[in-house]
Amino acid sequence: MAKETANKKATGHWSMGLLASMDDPELRVEADDKLVIIKDKYPKAKYHFLVLPREKIPSLKSLTAQHLELLQYIHKKGEEIADRANKELRFRFGYHAVPSMSHLHMHVISQDFDSPCLKTKKHWNSFTTQYFVDSSEIIRQLEKKGKVEVGGPDANELLKQDLRCHVCKKKFANMPGLKSHIVFHNVTKSKNK
DNA sequence: GTTCTAGAAC
DNA sequence: GTTCTAGAAC
């Protein structure tokens with residue numbers, strides 16, 4: 001209680017924040033009996049949603065073949081929300097190899113990466129290197145092996161990689177340089193690149 | 001995950 | 001002198 005103001009409810013450690021966000025009407029976009037979709041509190045692109053199962057699944061490591069149907073449903077609902085948000089922009093659907101926040105969540109993020117909340121190399125590399133694992137890849141692994149194996153001890157090194165444009169692979173020395181470059185790319189689905 | 005900020009990089 | 005990154009936060 002010492003550090004919490006009297007009118008704010010303590011929600012525990014910051015890594016548990018997603019559970020509170022799931023119930024936040026400001027962030028919630030959609031919900032049914034199996035999952036909740038919220039807007040990312042600090043969106044890293046024009047459109048950035050999180051799809052969270054209601055079932056308490058701590059991480060990718062907890063997944064078994066029994067979760068296949070749920071993961072396919074999460075993916076489907078993610079595609080729907082992306083389509084509803086913007087039909088032109090390209091989106092990716094996937095999971096961070098080693099997420100900071102507890103509770104399994106699939107990112108639905110438009111590939112413009114045009115957002116003031118996108119600030120650091122870690123942000124960038126977490127969405128544009130192999131640290132970002134496509135949902136389809138997760139589902140494939142689960143179908144094939146009955147479990148998911150991503151990340152590993154070298155996962156953190158991925159976040160330290162040099163900054164590269166995700167479209168043309170051009171290298172940049174710092175974030176402001178990269179950010180002013182990527183706004184010139186069209187990240188639409190099918191139109192001329 | 002973010003905020004803050006010291007000191008590196010420019 | 002200003003911009004930018006990177007590490008601590010109990």
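Throughout, a chain's letter reflects where its sequence line sits, starting with A, and its residues are numbered from 1.
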So, A/Asn174 side chain and A/Gly177 main chain: donor-acceptor pair closer than 3.5 Å or not?
yes
Sugar-phosphate only, base, or nothing, as touched by A/Pro99 at under 4.0 Å among non-hydrogen atoms
nothing
With a sphere of 6.0 Å drawn around NZ of A/Lys41, does it hold more than 12 non-hydrogen atoms of other residues, nucleotides or ligands?
no
Under a cut-off of 3.5 Å for both distances of each Watson-Crick or G-U pair, what dot-bracket string does DNA chain B give, using [ ] for crossing pairs and | for inter-strand pairs?
.|||||||||
Return each pair, listed once, that meets salt bridge (Lys or Arg N to Asp or Glu O under 4.0 Å) where at least one residue sits in residues 51-63 of chain A; pairs must be two or more places apart or across chains.
none
Within 45 degrees of the axis of the six-membered ring of A/Tyr42 and under 6.0 Å from its centre: does A/Lys44 put its NZ or CZ there?
no
By the salt bridge (Lys or Arg N to Asp or Glu O under 4.0 Å) test, which pairs, at least two apart or in different chains, include something from residues 126-137 of chain A?
A/Arg92-A/Asp134, A/Glu137-A/Arg140
Do any N or O atoms from the side chain of A/His13 and from the backbone of A/Ser15 form a donor-acceptor pair under 3.5 angstrom?
yes
Whether each nucleotide of nucleotides 1-10 of chain B has a protein heavy atom under 4.0 Å at its base (B), only at its sugar-phosphate (S) or at neither (-) is summarised, 5' to 3', as BSS-------
Any pair with a residue in residues 16-30 of chain A that passes side-chain hydrogen bond (donor to acceptor under 3.5 Å, both in side chains), sequence neighbours left out, goes on the list, sorted by first then second residue, please.
A/Asp23-A/Arg28, A/Glu30-A/Lys77, A/Glu30-A/Arg84
For residues 53-75 of chain A, which residue pairs pass the ring-ring contact (aromatic ring centres under 6.0 Å, His included) check, not counting sequence neighbours?
A/His75-A/Phe93
